[in-house]
Amino acid sequence: MLPYFPFGQQFNDKMGTFPLSENEPLIEPDGHYARETALKRQLLTELPAYYYQSLPGHKTAQWEVLEALLTNLCQFEPSQFSLRTEGNRWHWSNNRLNEHTSFTFGDAGSLPLEPLDWVGRQVQEDLILLDGPEASLVAGQLCFGNGWCLDEKIGLPFWQIHAPITPIVEPMLRSAQKLMERLPAGRPVWRLNWSVKMSDQLDMTSRHTPALDQLLTERAPSLTPETIAECLYVRIERQTLTRLPRSGAILFGIHTYQNRLSDEVSKRPDAAERLTNVFKTTPQAMLDYKGMTPFMPALLAYLTTASLVTTCPSA
Ligand code: HEM
């Protein structure tokens with residue numbers, strides 16, 4: 001089952017951010033940790049310049065990300081991760097992967113990769129760094145992006161990054177832009193994003209868009225209310241925003257979770273009703289953007305039947 005299920009009474013046209021409290025982790029290693037970090041490393045080996053990019057001049061922020069992530073992992077998963085420091089000499093143990101790394105904090109030559117690229121391979125999350133007055137994307141490791149890639153967005157300010165969806169949810173993005181300007185250090189926030197996909201492929205970066213679009217065009221018309229729940233996946237992003245104290249840059253972390261629709265509906269008694277509420281109130285332009293329009297009639301018909309079954313088992 002998904003750890004988060006951001007479906008309630010209706011489509012949420014607000015930012016939907018919450019403070020990330022001190023007892024909530026920034027990073028969430030889960031049961032897919034080994035498989036997903038291995039997949040990330042494979043992608044980064046095959047196409048390093050596609051999945052990792054950095055503009056010059058943001059090394060302080062990169063080291064801050066490394067520090068924030070390693071200390072967070074140790075704090076919340078002390079049996080799996082540990083960090084010992086002797087001045088600037090840091091000794092990192094990742095017991096889940098049985099890896100040990102020693103390096104000199106702040107010395108780029110002591111790590112085999114840039115700090116953001118190295119620490120990104122220790123976690124399932126995609127890591128994006130935004131900096132400057134307009135919160136521009138200055139560095140990132142993005143392996144599991146949903147329909148975008150670094151080539152398209154590197155160097156762009158927050159507002160331009162969202163250009164494809166600004167006409168659909170402009171007030172939400174105006175609030176988000178203000179949040180990017182005013183987010184204080186030490187007060188991280190998180191939010192959830194959702195979509196429904198015909199594939200459970202984690203890497204949905206733009207290079208896969210033509211193939212995924214083709215899958216949608218070819219398969220969506222044949223989906224019926226009887227078959228659709230086995231063929232669709234609910235894809236959730238847990239997104240965190242953290243202002244880094246020394247550089248003032250913002251770390252945007254994205255953990256992608258996904259599960260088959262039939263499994264969510266069978267295990268969560270109110271899932272069908274909640275999904276119906278949200279899909280029926282989502283603006284048509286947003287359904288189009290998310291690529292859900294081609295299967296929406298069959299999906300809603302399935303959910304109606306499923307909610308009747310869960311609310312009235314004898315019917
Ligand atoms: C509170 C902060 C944020 C809000 C409310 C927000 C909201 C959204 C929404 C509503 C979408 C449409 C996608 C969907 O709903 O499935 C979207 C897409 C996207 N967001 Fe954000 N976002 C936030 C932060 C960020 C940040 C910090 C980045 C940094 C890179 C980012 C990058 C993107 C990208 C690349 C897309 C896809 C755009 C495209 O199709 O080209 N978002 N965002």
Side-chain angles (χ1 to χ4, degrees), residues 4 6-7 10-20 26 51-55 58 61 65 116 120 125-132 134-184 187-197 204-209 212-213 233-244 249-258 278-279 281-293:
Y4 303 97
F7 303 94
Q10 60 194 27
F11 173 74
N12 186 1
D13 63 359
K14 307 287 183 300
M15 283 196 300
T17 47
F18 303 95
L20 188 75
L26 188 56
Y51 292 106
Y52 177 77
Q53 291 182 16
S54 68
L55 297 180
H58 302 277
V65 174
L116 183 65
E125 280 76 3
D126 284 315
L127 304 174
I128 305 292
L129 203 50
L130 300 114
D131 204 359
E134 295 182 292
S136 301
L137 200 166
V138 295
Q141 192 189 73
L142 183 83
C143 293
F144 304 147
N146 181 6
W148 65 290
C149 68
L150 294 170
D151 284 337
E152 293 166 1
K153 308 288 186 186
I154 190 94
L156 293 188
F158 179 85
W159 191 255
Q160 267 173 264
I161 288 171
H162 287 94
I165 55 144
T166 315
I168 314 173
V169 280
E170 186 164 344
M172 178 204 284
L173 288 171
R174 288 209 182 281
S175 309
Q177 165 112 18
K178 286 204 184 83
L179 176 73
M180 301 303 287
E181 287 162 13
R182 297 174 193 169
L183 181 69
R187 305 260 298 276
V189 297
W190 68 286
R191 67 184 293 272
L192 296 167
N193 199 12
W194 59 265
S195 50
V196 180
K197 301 287 182 185
M204 290 197 178
T205 51
S206 309
R207 73 192 186 102
H208 298 294
T209 303
L212 291 166
D213 282 352
Y233 299 86
V234 185
R235 183 173 168 120
I236 302 297
E237 291 181 2
R238 177 190 189 250
Q239 305 178 336
T240 59
L241 288 163
T242 308
R243 173 87 64 193
L244 302 166
I250 291 179
L251 169 65
F252 181 50
I254 312 162
H255 191 134
T256 301
Y257 294 98
Q258 51 187 358
V278 170
F279 298 159
T281 52
T282 301
Q284 183 56 47
M286 186 59 105
L287 293 175
D288 292 345
Y289 171 83
K290 288 179 190 268
M292 294 173 60
T293 304

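Order of appearance sets the numbers: ligands from 1, and atoms from 1 within every ligand.
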| field | Contact (N/O only, under 3.5 Å) between E152 and ligand 1 | value | no

| note | Heavy-atom closest pair (A61 atom, A249 atom, distance to 0.1 Å) is CB-CB, 3.8 Å

| request: Give the C-alpha distance, both sets of side-chain angles, the deciding distance and a yes or no for side chain to side chain contact (heavy atoms under 4.5 Å, CB included) between S195 and N146. | output: CA-CA 9 Å; S195 50; N146 181 6; 3.3 Å; yes

| Any idea which part of V189 is under 4.0 Å from ligand 1, heavy-atom wise: side chain, backbone, both or neither? | neither

| task | Examine the proximity of ligand 1 to L130 and report which part, side chain or backbone, both or neither, has a heavy atom under 4.0 Å away. | result | side chain

| Shortest non-hydrogen contact between W194 and K290, atoms and distance | O-NZ, 2.6 Å

| query | For atom 24 (C) of ligand 1, what's the nearest protein heavy atom and its distance? | reply | F158 CE1, 3.5 Å

| query | Can you list the atoms of ligand 1 that are under 4.0 Å from a heavy atom of M172? | reply | 5 (C), 10 (C)

| task | Heavy atoms only: give me the nearest M180-L130 pair and the separation to one decimal. | result | CE-CD1, 4.1 Å

| query | Could you walk me through whether L244 and L129 pass the side chain to side chain contact (heavy atoms under 4.5 Å, CB included) check? | reply | CA-CA 10 Å; L244 302 166; L129 203 50; 3.8 Å; yes

| Among protein heavy atoms, which sits nearest to atom 9 (C) of ligand 1, and what does the distance come to when rounded to 0.1 Å? | I165 CD1, 3.3 Å

| task | Tell me which one of K178, M15, H162 gets a heavy atom nearest to atom 31 (C) of ligand 1. | result | H162

| request: Decide whether an N or O pair under 3.5 Å exists between K290 and ligand 1. | output: yes

| query | Closest non-hydrogen protein atom to atom 35 (C) of ligand 1, residue and atom name please, with distance? | reply | W148 CD2, 3.1 Å

| task | Dump the intermediate steps for side chain to side chain contact (heavy atoms under 4.5 Å, CB included) on W159 and R174, then the final yes or no. | result | CA-CA 8 Å; W159 191 255; R174 288 209 182 281; 3.8 Å; yes

| field | Minimum heavy-atom distance between L192 and R238, given as atom pair plus value | value | CD2-CA, 3.7 Å

| remark: the protein heavy atom lying closest to atom 29 (C) of ligand 1 turns out to be F252 CD2, 3.5 Å

| Short list, please: which atoms of ligand 1 are under 4.0 Å from a heavy atom of I161? | 30 (C), 32 (C), 33 (C), 34 (C), 35 (C), 38 (C)

| field | Min N/O separation Y289 to ligand 1 under 3.5 Å | value | yes

| task | Write down the atom of L137, the atom of L55, and the distance for their closest heavy-atom approach. | result | O-CD1, 4.1 Å

| task | Fit a plane to each ring of F279 and F7, take the angle between them on a 0 to 90° scale, and name the class: parallel (under 30°), tilted (30 to 60°) or perpendicular (over 60°). | result | perpendicular

| task | Show your reasoning for whether side chain to side chain contact (heavy atoms under 4.5 Å, CB included) applies to M204 and K197. | result | CA-CA 10 Å; M204 290 197 178; K197 301 287 182 185; 3.7 Å; yes

| message | Does the residue P164 have a heavy-atom contact with ligand 1, meaning some pair of atoms that are separated by less than 4.0 Å? | response | yes

| request: Report the nearest protein non-hydrogen atom to atom 1 (C) of ligand 1: residue, atom name, distance rounded to 0.1 Å. | output: R191 CD, 3.6 Å

| message | Is it the case that ligand 1 has an N or O less than 3.5 angstrom from some N or O of K153? | response | yes

| request: Output the list of atoms in ligand 1 that are nearer than 4.0 Å to some heavy atom of L241, sorted by atom number. | output: 1 (C), 2 (C), 27 (C)

